[in-house]
Protein chains: 2
Amino acid sequence: MNIGQAAKHSNISAKTIRYYESIGLIVPASRTDNGYRTYSDKDVQTLRFIHHARSLGFSVKDVSMLLDLWRNQKRASADVKALAMAHVAAVDHKIGELQRMRDTLLDLTHRCHGDDRPDCPIIEGLAGKTADA
Amino acid sequence: MNIGQAAKHSNISAKTIRYYESIGLIVPASRTDNGYRTYSDKDVQTLRFIHHARSLGFSVKDVSMLLDLWRNQKRASADVKALAMAHVAAVDHKIGELQRMRDTLLDLTHRCHGDDRPDCPIIEGLAGKTADA
DNA sequence: ATAAGGCTTCCAGATACTGGAAGGTCAATA
DNA sequence: TATTGACCTTCCAGTATCTGGAAGCCTTAT
């Protein structure tokens, strides 16, 4: 099938598929006589794998490693688990950061009356000294 | 003071201060005879404001608006509050996304025995069909 | 005189795409 | 047959937010 069909079946845009090829995440697709890329069902499966991994927040570099592990029949599940757990830890960290941000921000917004007067605790909070070094 | 001192007092690197100047987030610093940028305490205060806003996750574009509001004595606190609340909503959305990712991933890792055998539910989960179209 | 450290500019890279332009190809229709 | 519209191709540039590094000038101290 052509790239458009592969895109449809994998939920990755044609543009992005070409991009993945350009950075070496996937092997270059074979071409028909007219120069169009062609994809097999197996190729689409690979694309779907990539889509799933990316939607779980794995970086492209991580996905590259996961693809290697996927294709490597002798892989140890410990390797995969280590990658996944490191990723969970990173995601947890990010969630914590965002929650702290959110709490601070929400606190400021709650103290802001939000009318047409110029005094505003949010602005004052941003201008004022906070706990950083 | 020179850019190095301004950096120290604002917790923004000299490199980043120059970058902010280059994109027009801050007005170009005045220069001494030798071409060095000089910063006043007021400039540093502005930089600190920027640092706080950025650390709360506001985009540079948002920060630019917040700076305008900060400098505008006739601002309505409603404007600031609207910006902040939109940001809280965006952060909440992001947190939700990350939590869903995390839960899926944690589920997969829990089901992975993580030893030297090759079968691995994480890989299988990524390869398998999921609920997306 | 020289060395260390701070300052300057400019270019490039990282991340992960996305948009658009210019142009070739294919299938169907008038 | 000519044309239209949907695909496909490549290449360049832009998004967001810095960060690193090179080449070179300025200041200060020894």
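Proteins come first, then strands; the chains are lettered A, B, ... in the order of their sequence lines, and each starts at number 1. Just so you know, these numbers come straight off a predicted model, no measurement behind them.
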Exam field: side chain B:T16 to backbone B:Y19, donor-acceptor pair closer than 3.5 Å
no
Treating B:R102 as the side-chain partner and A:V88 as the backbone partner, does any N or O pair qualify as donor plus acceptor under 3.5 Å?
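Answer holds: no.
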Hey, could you give me each pair passing side chain to side chain donor-acceptor pair (under 3.5 Å) that has a residue in residues 23-35 of chain B? Not counting sequence neighbours.
B:S30-B:T38, B:T32-B:N34
Whole-Å distance between [N] [atom2] and [X] [atom1]?
X     : N      : atom1 : atom2 : value
B:L47 : D:dC18 : CG    : P     : 12 Å
A:K61 : C:dC17 : NZ    : C1'   : 16 Å
A:K94 : C:dT15 : NZ    : C1'   : 13 Å
A:H51 : C:dA16 : NE2   : P     : 16 Å

Pairs where residues 69-105 of chain A contributes a residue and the test ring pair (Phe, Tyr, Trp, His ring centres under 6.0 Å) is met, not counting sequence neighbours
A:F49-A:W70, A:F58-A:H87
Partner set under side-chain contact (heavy atoms from CB on, under 4.5 Å) for A:M1, not counting sequence neighbours:
A:Q5, A:A6, A:H9, A:Y39, A:D41, A:V44
Using every non-hydrogen atom in the two residues, find where B:L105 and A:A84 come nearest and quote the distance to one decimal.
CD2-O, 4.2 Å
May I ask you to list the residues of residues 17-34 of chain B, by number, that have any heavy atom positioned under 4.0 Å from an atom of DNA chain C?
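Heavy-atom contacts with DNA chain C come from B:R18, B:R31.
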First of B:K15 and B:R54 reached from the 5' end of DNA chain D, by closest nucleotide:
B:R54
With sequence neighbours excluded, tell me which residues meet side-chain hydrogen bond (donor to acceptor under 3.5 Å, both in side chains) with B:T104.
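B:T104: no side-chain hydrogen bond (donor to acceptor under 3.5 Å, both in side chains) contacts found.
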Please determine whether the number of non-hydrogen atoms from other residues, nucleotides or ligands lying under 6.0 Å from atom CE of A:M85 exceeds 12.
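No, because the 6.0 Å sphere around CE of A:M85 holds 12 heavy atoms or fewer from other groups.
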When you measure from the side-chain N and O atoms of B:R37 to the phosphate of C:dT8, is any distance below 4.0 Å, counting only OP1 and OP2?
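Yes, within the criterion.
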Examine C:dT18: is either OP1 or OP2 under 4.0 Å from a nitrogen or oxygen in the side chain of A:T16? Give yes or no.
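So the side chain of A:T16 is within the cut-off, an N or O lying under 4.0 Å from OP1 or OP2 of C:dT18.
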Heavy atoms under 4.0 Å is the rule here; annotate nucleotides 2-7 of chain D 5' to 3' with B where the base is hit, S where only the sugar-phosphate is, and - elsewhere.
-----B
